[in-house]
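Before any comments, here is the structure.
Every number for a ligand or one of its atoms is a count from 1 in the order of the listing. All residue numbers refer to positions in the sequence shown, counting from 1. As the structure is a prediction and not an experimental result, all values here were calculated from the model.
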Amino acid sequence: MSTAIIGAGVMGETLLSGLVRAGRRVDQLMVGEKRPERARELEERYGVAVVSNREAAAKADTVALVVKPQDMGDVLDEIAPQLRAGQLVVSLAAGITTDFIESRVPDGVAVVRVMPNTPALVDEGMAAISPGSHCDEAHLAEVESLMASTGKVLRIPEKQMDAVTAISGSGPAYIFFVVESMIEAGVHLGLPRATSTELVVQTLVGSAAMLRETGTHPVVLREQVTSPNGTTASALRELEIHRVRAAFLAAMEAARNRSRELAEGS
Ligand SMILES: NC(=O)C1=CN([C@@H]2O[C@H](COP(=O)(O)OP(=O)(O)OC[C@H]3O[C@@H](n4cnc5c(N)ncnc54)[C@H](OP(=O)(O)O)[C@@H]3O)[C@@H](O)[C@H]2O)C=CC1
Ligand SMILES: O=C(O)[C@@H]1CCC=N1
């Protein structure tokens with residue numbers, strides 16, 4: 001099965017590199033990318049063929065669209081004449097619905113919507129997938145195997161996609177923001193930057209491993225750290241005073257709303 005990736009920016013390259021790591025034959029992969037210097041970079045780095053979007057759409061069994069949501073209409077208009085029934089189009093774009101894509105491709109082309117995230121680069125991705133209306137089990141299984149090469153995959157109803165985008169799609173950015181803030185706090189408290197960075201990164205990795213390996217609720221894990229009248233309780237009181245929990249809720253609501261707006265082309 002050949003796969004084309006159209007749009008090889010951050011997420012397109014993340015998908016490409018995952019497929020290569022997972023052992024997909026490079027001669028079964030191709031890339032459509034509009035910037036020539038980026039195309040050359042990918043050819044050198046992965047030995048993958050960079051072709052025109054039309055050639056990619058004509059030749060590949062599966063066409064993964066990884067351009068910005070705002071570019072999706074133009075790319076679909078460009079490749080639609082090359083697509084034919086039996087092919088699978090996979091969109092990784094935020095906001096763009098399967099309806100939007102299905103209305104622009106020939107009948108019989110199956111569409112699957114995916115929301116990945118960047119930890120896929122280290123095979124710890126979280127991808128959610130939703131079928132379009134002409135999609136069967138074999139198409140979903142193909143996308144599941146595509147995305148499983150870089151992490152976990154969850155099947156969800158498409159109506160949950162905007163919320164999923166706000167939580168796991170954008171999620172790594174919130175975590176990096178917290179990490180960055182904690183490192184700066186360490187520096188503020190007088191720690192060397194390298195020490196602060198090592199402390200924070202390992203604390204994040206250790207906490208994530210506890211969540212995954214014990215399956216214990218985060219509230220219980222937090223309580224285990226919080227000694228009576230101790231340091232953690234003092235810190236948590238400040239986070240509540242500064243309404244950090246409410247800020248997280250508002251932030252993710254804003255991301256969900258932005259995903260809905262992208263669907264409308266703004
Ligand atoms: N980054 C992330 O964490 C995630 C991104 N996504 C989704 O992935 C998609 C891509 O995002 P991201 O990788 O961050 O964005 P990037 O801007 O890094 O990548 C998009 C790439 O597509 C190229 N491109 C634009 N138009 C065309 C075209 N007509 N033909 C071929 N290539 C084209 C762009 O080139 P140029 O720069 O010259 O325009 C760019 O290299 C978005 O839809 C986003 O919603 C989903 C989940 C997570
Ligand atoms: O910020 C964005 O719009 C994309 C979608 C999810 C993560 N990055």
Side-chain angles (χ1 to χ4, degrees), residues 4-18 30-43 45-46 48-58 60 63-83 89-98 100-101 104 111-122 124-130 143 146-147 150-154 156 158 160-177 251-266:
I5 296 173
I6 296 185
V10 173
M11 189 43 72
E13 184 176 1
T14 298
L15 178 61
L16 174 65
S17 70
M30 62 200 108
V31 167
E33 165 60 41
K34 79 173 186 196
R35 275 179 297 147
E37 70 282 6
R38 176 70 174 151
R40 269 196 303 280
E41 198 175 280
L42 296 169
E43 277 171 335
R45 197 171 292 160
Y46 301 99
V48 70
V50 181
V51 298
S52 70
N53 291 346
R54 286 183 185 209
E55 188 179 339
V63 181
L65 302 176
V66 205
V67 295
K68 293 180 213 33
Q70 296 87 342
D71 292 327
M72 196 60 105
D74 288 347
V75 169
L76 285 167
D77 289 346
E78 184 187 357
I79 66 171
Q82 316 300 321
L83 293 170
V89 168
V90 183
S91 164
L92 283 75
I96 301 296
T97 61
T98 55
F100 178 94
I101 299 170
R104 285 166 175 79
V111 177
V112 175
R113 182 172 168 188
V114 176
M115 181 40 56
N117 69 10
T118 55
L121 201 56
V122 290
E124 289 287 356
M126 180 71 247
I129 65 173
S130 304
V143 178
L146 205 66
M147 300 314 298
T150 56
K152 284 194 176 186
V153 187
L154 201 60
I156 59 156
E158 190 171 3
Q160 294 177 1
M161 265 296 178
D162 294 315
V164 164
T165 302
I167 301 297
S168 57
S170 296
Y174 318 143
I175 304 295
F176 297 136
F177 184 80
M252 280 161 237
E253 230 167 11
R256 189 273 315 267
N257 294 345
R258 182 67 191 131
S259 179
R260 286 180 179 164
E261 282 171 14
L262 287 169
E264 282 144 27
S266 51

If you take the nearest heavy atom of each of Pro116, Ala8, Gly12, Gly169, which one is closest to atom 47 (C) of ligand 1?
Pro116
the protein heavy atom lying closest to atom 20 (C) of ligand 1 turns out to be Val66 O, 3.7 Å
The option among Leu262, Leu92, Asp74 carrying the non-hydrogen atom nearest to atom 8 (O) of ligand 1 is Leu92
Distance to 0.1 Å, residue and atom name: give those for the protein heavy atom nearest to atom 13 (O) of ligand 1.
Met11 N, 2.8 Å
For atom 3 (O) of ligand 1, what is the nearest protein heavy atom, given as residue, atom name and distance?
Thr118 CG2, 3.2 Å
Do me a favour and list the nearest non-hydrogen protein atom to atom 21 (C) of ligand 1 with residue, atom name and distance?
Gly9 N, 3.6 Å
Among all the protein's non-hydrogen atoms, which is closest to atom 15 (O) of ligand 1, and how far away is it?
Lys68 CG, 4.4 Å
How long is the gap from CG on Leu92 to CD1 on Ile6, to the nearest 0.5 Å?
12.0 Å
Protein contact to atom 25 (C) of ligand 1 [nearest heavy atom, distance to 0.1 Å]
Asp71 OD2, 3.5 Å
Atom 2 (C) of ligand 2 touched by protein heavy atom at under 4.0 Å:
no
As a check for students: among Asn53, Asp77, Val31, identify the option with a heavy atom nearest to atom 30 (N) of ligand 1.
Asn53
Would you say Thr98 and Glu158 are linked by a side-chain donor-acceptor pair, where the criterion is simply a distance under 3.5 Å?
yes
Taking only non-hydrogen atoms of Arg38, do any sit less than 4.0 angstrom from ligand 1?
no
Donor-acceptor pair, side chain of Asn117 and main chain of Met126, under 3.5 angstrom
yes
With heavy atoms and a 4.0 Å threshold, my read on which part of Arg35 contacts ligand 1 is side chain
